[in-house]
Amino acid sequence: MLESAQALITKTAEKMKLDSEMIKRLIEPEFAHEFALTITMDTGKKKVFKGWRIQHNSALGPYKGGIRFHHDTVREEVQALATLMSIKCAVAGLPYGGGKGGIVVDPKKLSKTELERLSRAFANRIAHIIGEDIDVPAPDVNTTPEIMSWMIDEYQRIIGRKSPATFTGKPVSMGGSLGRTEATGRGGLFVLQALLKKINVGNDPRVVPKKGGHRGPPLQNLTIAVQGFGNVGYYFAKLASEAGFKIVAVSDSKGGVYVKDGLSVDQTMKCKKEKGMVAGCYCKGSVCDIKYGKTVTNEELLELPVDILVPAALENVINDKNMAKIKAGIIVEMANGPLTQEAYEYLSKKGLPAGRQGKIIVPDVLANSGGVTVSYLEWVQGKAGYYWSEKEVNDRLKVMMEKAFEAIWKKSVETKMPLKQAAFEVAIERITSAMA
Ligand code: NAD
């Protein structure tokens, strides 16, 4: 992951004719903090956990990025994610650099009190290197608003004053933003809608758009399959369905369902909560019945004949084994890195202009940047001490996502590059132009 992030930055920077020292500045993290955290377990015994906070680049503003708790986390992964946060924040037009944190732990194996002690120990260790204008952490894999509330409480205790803008993803009662929970899915939908305005939204999205955009059949005719029914996948599916798209398939780790005529997202979630899985939930309107659909595996879901495919679960799910079988014309990368580099190149027909040939792939650094964008809005609210309504937050998110998309689209059309390369080029231009 680190190698491919660095390779993409290097390739883009070389194409932009940046010198080798500038490329080094884009690749190397500014700071990499590594530490051992010792906490007392419920048994009274001490246990040591390894952790990192990597601060990649601060040209555009304070470092910004989540903290993950995962038993497989390694330094290279945290560094790669910090690097990609620098790109993502620049793509989204945010005044932030990139950072990331991680602890090697399986949080399911800790009691709640142990989890709180570990979270507080982490906040204690990073307290002197973070701050609202220095580095602003947030939740990531396995870290929740409650964990953020422990961390900010510990941090504020150490500095002796309130500083709500130093962590984002907090509970609303502690200065979190309304709309943050749905933000990633909502932001992805705004980007998809902006893309559809640019192209013919008919069955073949590869047709060159006419001036004025939208001229195809109505959105109701567009089918979507969503892999992953967690925070990102569920809200994407729910909001897309409310916007008039036809969600025909969704899945979770145990498999998925295909309802050709379009499924009810809320009813499917209700059924999933009862059964513990999406498989078996063939729901239309308020009724779930086998006659409406069929079960699909996660592999089959990716290969369904849909207009839009939304991988919103794991990385590398579209790879050399299944890339030739992907039928969707548009892929919206809501998960981080759902396509391998090989699959990406194969599907986007490298080098051709966005939207002319190959699939249109909306890159993760743009598609899922709604989450960090509302984190930014939470930071602004925390700094100002003035909090917006949910509608105000959502309206601002829409404006920011559309602006981010527009810049990437423009670059893609001008340079005849697919959206991903265009996004990296826009990001690198913005970062380097802010470097002294
Ligand atoms: P989540 O834990 O809420 O949901 C993940 C979903 O994926 C669950 O439905 C789970 O059952 C499903 N899943 C797990 N293994 C699977 C498998 N093998 N096949 C199919 N589905 C499987 O996580 P999330 O917050 O929705 O994040 C999903 C992705 O989006 C991740 O790549 C994450 O890094 C990325 N992302 C999330 C946010 C955010 O704000 N939550 C922001 C940016 C990017």
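Just so you know, ligand 1 is whichever comes first in the structure, and atom 1 is the first atom listed for that ligand. All values derive from a computational prediction rather than experimental measurement.
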I'd like to know whether the aromatic ring centres of Phe31 and His33 sit less than 6.0 Å apart in this structure. yes
Which residue pairs satisfy the salt bridge (Lys or Arg N to Asp or Glu O under 4.0 Å) criterion with at least one member in residues 142-155, sequence neighbours excluded? Lys112-Glu146, Arg120-Asp153, Arg120-Glu154, Glu154-Arg157
Which residue pairs satisfy the salt bridge (Lys or Arg N to Asp or Glu O under 4.0 Å) criterion with at least one member in residues 273-285, sequence neighbours excluded? Asp261-Lys284
Under 4.0 Å between a Lys/Arg side-chain N and an Asp/Glu carboxylate O for Glu406 and Lys198? yes
Pairs touching residues 232-273 that satisfy disulfide bond (SG atoms under 2.5 Å apart), sequence neighbours left out: Cys271-Cys281
Write down, by chain and number, every protein residue that brings a non-hydrogen atom to less than 4.0 Å from an atom of ligand 1. Arg180, Thr184, Gln227, Gly228, Phe229, Gly230, Asn231, Val232, Asp252, Ser253, Asn298, Ala312, Ala313, Leu314, Met334, Ala335, Asn336, Asn368
With no hydrogens and no angle check, is any side-chain donor or acceptor of Arg430 less than 3.5 Å from a backbone partner on Val91? yes
